[in-house]
Amino acid sequence: MTDTCIVTGASSGIGRATAIALAKRGRTVICVARSDTALQALKQNYPEQIRIVRADLCDPAGISAVIESVKSVEHVAVLVHAAGSTVALQHYQDLQMPELLSHMGLHVSVPIELNNRLKNKLIGSRILYLDSYSAITPREGWSEYSIVKAAAQMAARSATVELNRSTVIRVFPGGVRTPLVEQLLMSTEKSATVTAFKALDADGGISEPDAVGQFLADILLKATEQQLTSRESWDFNNPDDHIVAQ
């Protein structure tokens with residue numbers, strides 16, 4: 001397999017959209033997710049480009065399945081860490097440690113484990129993380145999500161510093177129509193966050209996953225090294241960051 005890419009969380013949302021965008025550009029994409037039905041649908045639509053790995057990445061066997069899928073591949077050109085979990089809207093005083101640790105495992109520990117297990121296959125590769133402004137801006141009722149994303153952001157920033165044989169990319173997708181955002185839009189809570197997202201949606205400010213997936217594919221496949229090293233992160237909602245699409 002040439003130009004091999006790995007996309008975790010490929011069954012839905014941004015992960016699925018990114019996998020499709022890469023496949024449409026002729027890349028071989030190893031799609032990782034728990035949902036066999038969603039993975040099979042992807043493969044059916046793109047049989048030549050897509051390989052599937054059904055795996056629970058929070059289980060060591062799931063990580064091993066991903067590693068095994070590229071056993072015969074010398075180089076993984078792209079690794080997209082899009083696997084996530086729908087973090088419930090929780091106030092600080094309602095946080096439950098088992099749930100919090102479970103989210104931490106998927107958002108923080110899993111990317112670290114994949115990066116380290118793949119190591120030599122990632123020399124010269126591009127590794128992409130989805131970031132969130134919630135990592136630096138606490139929101140009412142989002143304590144759990146903000147804490148998880150803050151830890152994930154620092155893990156990504158640490159990878160940027162220490163995985164110097166790869167190029168680590170952080171992208172802020174902003175408001176995207178994912179299960180978490182849909183949960184917010186359907187919420188009857190009157191918090192400032194819920195109100196803000198509903199207003200954003202009314203103004204057309206919630207992006208579709210397909211558009212974000214195209215943006216990520218542009219960065220991964222078309223951005224020059226100078227463009228990647230000239231900025232600490234990319235923002236889907238910043239027109240200047242769409243220069244690679246031109």
Side-chain angles (χ1 to χ4, degrees), residues 7-25 31 33 35 38 41-42 45-46 80-91 103 107 128-146 148-150 152-153 156 169-223 227-228 230-246:
V7 179
T8 69
S11 61
S12 64
I14 297 173
R16 180 179 183 276
T18 304
I20 290 172
L22 292 170
K24 283 182 174 179
R25 299 174 196 215
C31 296
S35 172
L42 273 174
N45 289 330
Y46 304 93
V80 179
H81 293 300
S85 51
T86 302
V87 184
L89 297 178
Q90 292 274 26
H91 291 278
H103 292 308
H107 290 259
L128 188 144
Y129 287 81
L130 298 176
D131 213 324
S132 171
Y133 286 113
S134 293
I136 53 178
T137 306
R139 293 167 171 160
E140 180 189 349
W142 276 41
S143 286
E144 187 165 53
Y145 185 79
S146 294
V148 170
K149 294 306 290 187
Q153 183 187 93
I169 303 163
R170 291 191 296 121
V171 178
F172 290 87
V176 183
R177 207 168 296 279
T178 61
L180 178 61
V181 171
E182 290 286 7
Q183 179 185 355
L184 273 173
L185 297 177
M186 295 175 63
S187 175
T188 58
E189 189 176 338
K190 301 300 183 182
S191 71
T193 299
V194 169
T195 301
F197 267 83
K198 288 184 176 181
L200 187 65
D201 186 41
D203 290 339
I206 303 295
S207 304
E208 296 300 326
D210 288 351
V212 178
Q214 294 287 349
F215 177 67
L216 300 187
D218 281 335
I219 295 172
L220 289 165
L221 303 181
K222 296 168 65 175
Q227 287 174 324
L228 292 174
S230 67
R231 64 196 73 198
E232 183 180 347
S233 61
W234 299 73
D235 188 337
F236 176 75
N237 291 303
N238 181 356
D240 291 340
D241 284 1
H242 286 254
I243 186 172
V244 294
Q246 298 177 358

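What you see is a predicted model; the values in this text were computed from it and never measured.
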Side-chain touch Pro173/Leu216, heavy atoms, less than 4.5 angstrom = no
Do Asp203 side-chain atoms and Gly205 backbone N/O form a donor-acceptor pair below 3.5 Å?
-> no
Looking only at atom types and distance, does a side-chain atom of Lys149 sit under 3.5 Å from a main-chain N or O of His107, one as donor and one as acceptor?
-> no
Which residues share a side chain to side chain donor-acceptor pair (under 3.5 Å) with Asp235, sequence neighbours left out | Tyr133
pair Val176-Phe236: side-chain heavy atoms closer than 4.5 Å | no
Verify, without hydrogens or angle tests, whether Thr8 (side chain) and Ala82 (backbone) share a donor-acceptor contact under 3.5 angstrom.
-> yes
Kindly compute the distance separating CG (Leu130) from CD1 (Ile169), expressed to the nearest 0.5 Å.
-> 11.0 Å
Decide yes or no for Asp241 and Phe215: does some side-chain heavy atom of the first lie under 4.5 Å from some side-chain heavy atom of the second?
-> yes
Do the non-hydrogen side-chain atoms of Arg177 and Leu185 ever get within less than 4.5 Å of each other?
-> yes
Can you name the residues that form a side chain to side chain donor-acceptor pair (under 3.5 Å) with Tyr46, not counting sequence neighbours?
-> none
Which residues pass the side chain to side chain donor-acceptor pair (under 3.5 Å) test with Arg139, sequence neighbours left out?
-> Ser134
Taking C-beta and beyond as the side chain, do Arg25 and Gln214 meet within less than 4.5 Å on heavy atoms?
-> yes
Rounded to the nearest 0.5 Å, how far apart are CD1 of Ile206 and CG of Leu200?
-> 4.0 Å
Could you tell me whether the side chain of Ser230 and the main chain of Gln227 form a donor-acceptor pair under 3.5 Å?
-> yes
Any chance you could measure Tyr145, atom OH, to Ser132, atom OG, to the nearest 0.5 Å?
-> 4.0 Å
Where Leu42 and Cys31 come nearest, the two heavy atoms and their spacing | CD1-SG, 4.1 Å
Would a 4.5 Å heavy-atom cut-off, applied to side chains only, mark Trp234 and Leu228 as touching?
-> yes
Do Trp142 and His91 come within less than 4.5 Å of each other through their side chains, counting heavy atoms only?
-> no
Could you pull out the closest heavy-atom pair between Ser11 and Ala33, with the gap in Å?
-> CB-CB, 3.6 Å
